[in-house]
Colleague: 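Below you'll find the structure I mean.
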Amino acid sequence: MPQSECIRVRLKPGMTNKFLEWAKQVPNRMEEAKLCMSEQGVIAEHIFLDRSPGGDFIIVYWKAEDLAKARAVFQSSTRKMDLEMIEMVESTWDRSQVARLEPVMEL
């Protein structure tokens, strides 16, 4: 049975535009993105921007056949898109401010 997760991550100050510029070009590389997702067993991934007085946050929702396996495949990937995403996470996400959102309902 597929598993899902949703997290809220604060973007580092001044890094919102860098993250958005990268994210907005991903749909232009849909074949590459679908291949990466397929290898990881990812069924869906959605990223939302939450601008607030306390800073900019992104909300990441994803569903995979096995979340642990998907993370492991992603972390060990040598694919260009995955390497770019790893660099983007490292340079733009404030990893000290990650909150897992509590699932309430999933259909």
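Just so we're clear, the structure is a prediction, and the values are computed from it rather than from any experiment.
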Colleague: K18: which residues meet the side-chain contact (heavy atoms from CB on, under 4.5 Å) condition with it, sequence neighbours left out?
Modeller: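 Scan of K18 (side-chain contact (heavy atoms from CB on, under 4.5 Å), adjacent residues dropped) gives M15, E87, M88, S91, T92.
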Colleague: Check the pair E84 / R29 against salt bridge (Lys or Arg N to Asp or Glu O under 4.0 Å), numbers first and verdict last.
Modeller: CA-CA 13 Å; E84 289 174 6; R29 300 165 66 186; 2.6 Å; yes
Colleague: Verify the cluster assignment for L35 and M81: are they in a single hydrophobic cluster under the rule of side-chain heavy atoms below 4.5 Å apart?
Modeller: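 Different clusters: L35 never reaches M81 through Ile, Leu, Val, Met, Phe, Trp or Tyr contacts under 4.5 Å.
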Colleague: Does the side chain of W93 reach to within under 4.5 Å of the side chain of I7, using non-hydrogen atoms?
Modeller: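 A side-chain contact under 4.5 Å exists here.
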Colleague: Can you give me the closest heavy-atom contact between L49 and R51, atom names plus distance?
Modeller: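 For L49 and R51, the tightest heavy-atom pair comes out as CD2-NE, 3.5 Å.
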Colleague: Is any side-chain N of the basic residue among R8 and D50 closer than 4.0 Å to the acidic one's carboxylate O?
Modeller: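 Yes.
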Colleague: Report the C-alpha separation of E106 and K63 in whole Å, then their side-chain angles, then the decisive distance to 0.1 Å, and conclude whether the salt bridge (Lys or Arg N to Asp or Glu O under 4.0 Å) test is met.
Modeller: CA-CA 11 Å; E106 185 170 353; K63 180 183 273 192; 3.0 Å; yes
Colleague: Could you report the tightest heavy-atom contact between N28 and K24, atom names first, then the distance?
Modeller: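 Looking at all heavy atoms of both residues, the shortest contact is ND2-O, 4.4 Å.
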Colleague: Under a 4.0 Å N-O cut-off, is there an ion pair linking K12 with D94?
Modeller: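 No, no charged N to carboxylate O under 4.0 Å.
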Colleague: Could you tell me if the side chain of W62 sits less than 4.5 Å from the side chain of I47, heavy atoms only?
Modeller: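 Answer no - side chains too far apart.
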Colleague: Does the side chain of M85 reach to within under 4.5 Å of the side chain of K80, using non-hydrogen atoms?
Modeller: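 Side chain of M85 against side chain of K80, heavy atoms only: no contact under 4.5 Å found.
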Colleague: Quick one, F19 and I58 - any side-chain contact, counting heavy atoms below 4.5 Å?
Modeller: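 Result yes, sub-4.5 Å side-chain heavy-atom pair found.
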Colleague: Could you check whether atom CD of E31 has more than 12 heavy atoms from other residues, nucleotides or ligands sitting under 6.0 Å from it?
Modeller: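 Atom CD in E31 is not crowded, with 12 or fewer foreign heavy atoms closer than 6.0 Å.
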Colleague: State, to 0.1 Å, how close L67 and Q3 come at their nearest heavy-atom pair, and which atoms those are.
Modeller: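 The answer is N-OE1, 2.7 Å.
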Colleague: Using a 3.5 Å distance criterion without hydrogens, assess whether the side chain of Q97 forms a donor-acceptor pair with backbone atoms of R10.
Modeller: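 Answer holds: no.
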Colleague: Look at the side chain of Q25 and the backbone N and O of W22, then say whether any donor-acceptor pair between them is shorter than 3.5 Å.
Modeller: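 Looks like yes, one N/O pair under 3.5 Å.
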Colleague: Check whether any side-chain N or O of S77 sits under 3.5 Å from a backbone N or O of V73 as a donor-acceptor pair, and report yes or no.
Modeller: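 Not at all, since once roles are kept as given, no pair shorter than 3.5 Å links the two residues.
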Colleague: Could you check whether any side-chain heavy atom of V60 comes within less than 4.5 Å of a side-chain heavy atom of E5, counting everything from C-beta outward?
Modeller: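 They are not in side-chain contact.
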Colleague: Salt bridge or not between E32 and R79? Use side-chain N to carboxylate O under 4.0 Å.
Modeller: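 Result for this pair is no, no salt bridge flagged.
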Colleague: Is V9 reachable from Y61 through a run of I, L, V, M, F, W or Y residues, each pair having side-chain heavy atoms under 4.5 Å apart?
Modeller: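 No; tracing contacts between hydrophobic side chains, which count when under 4.5 Å, never links both residues.
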Colleague: For T78 and L83, which heavy atoms make the closest approach, and how far apart are they?
Modeller: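 Residues T78 and L83, closest heavy atoms: O-CD1, 3.6 Å.
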Colleague: Could you tell me if D82 and Q40 have a donor-acceptor pair between their side chains, going purely by distance under 3.5 Å?
Modeller: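 There is such a pair between these side chains.
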Colleague: Are L101 and F57 joined in one hydrophobic group, where the rule is that I, L, V, M, F, W and Y side chains link up if heavy atoms are under 4.5 Å apart?
Modeller: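 No, separate clusters.
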Colleague: Who passes side-chain contact (heavy atoms from CB on, under 4.5 Å) against F48, sequence neighbours left out?
Modeller: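 H46, I59.
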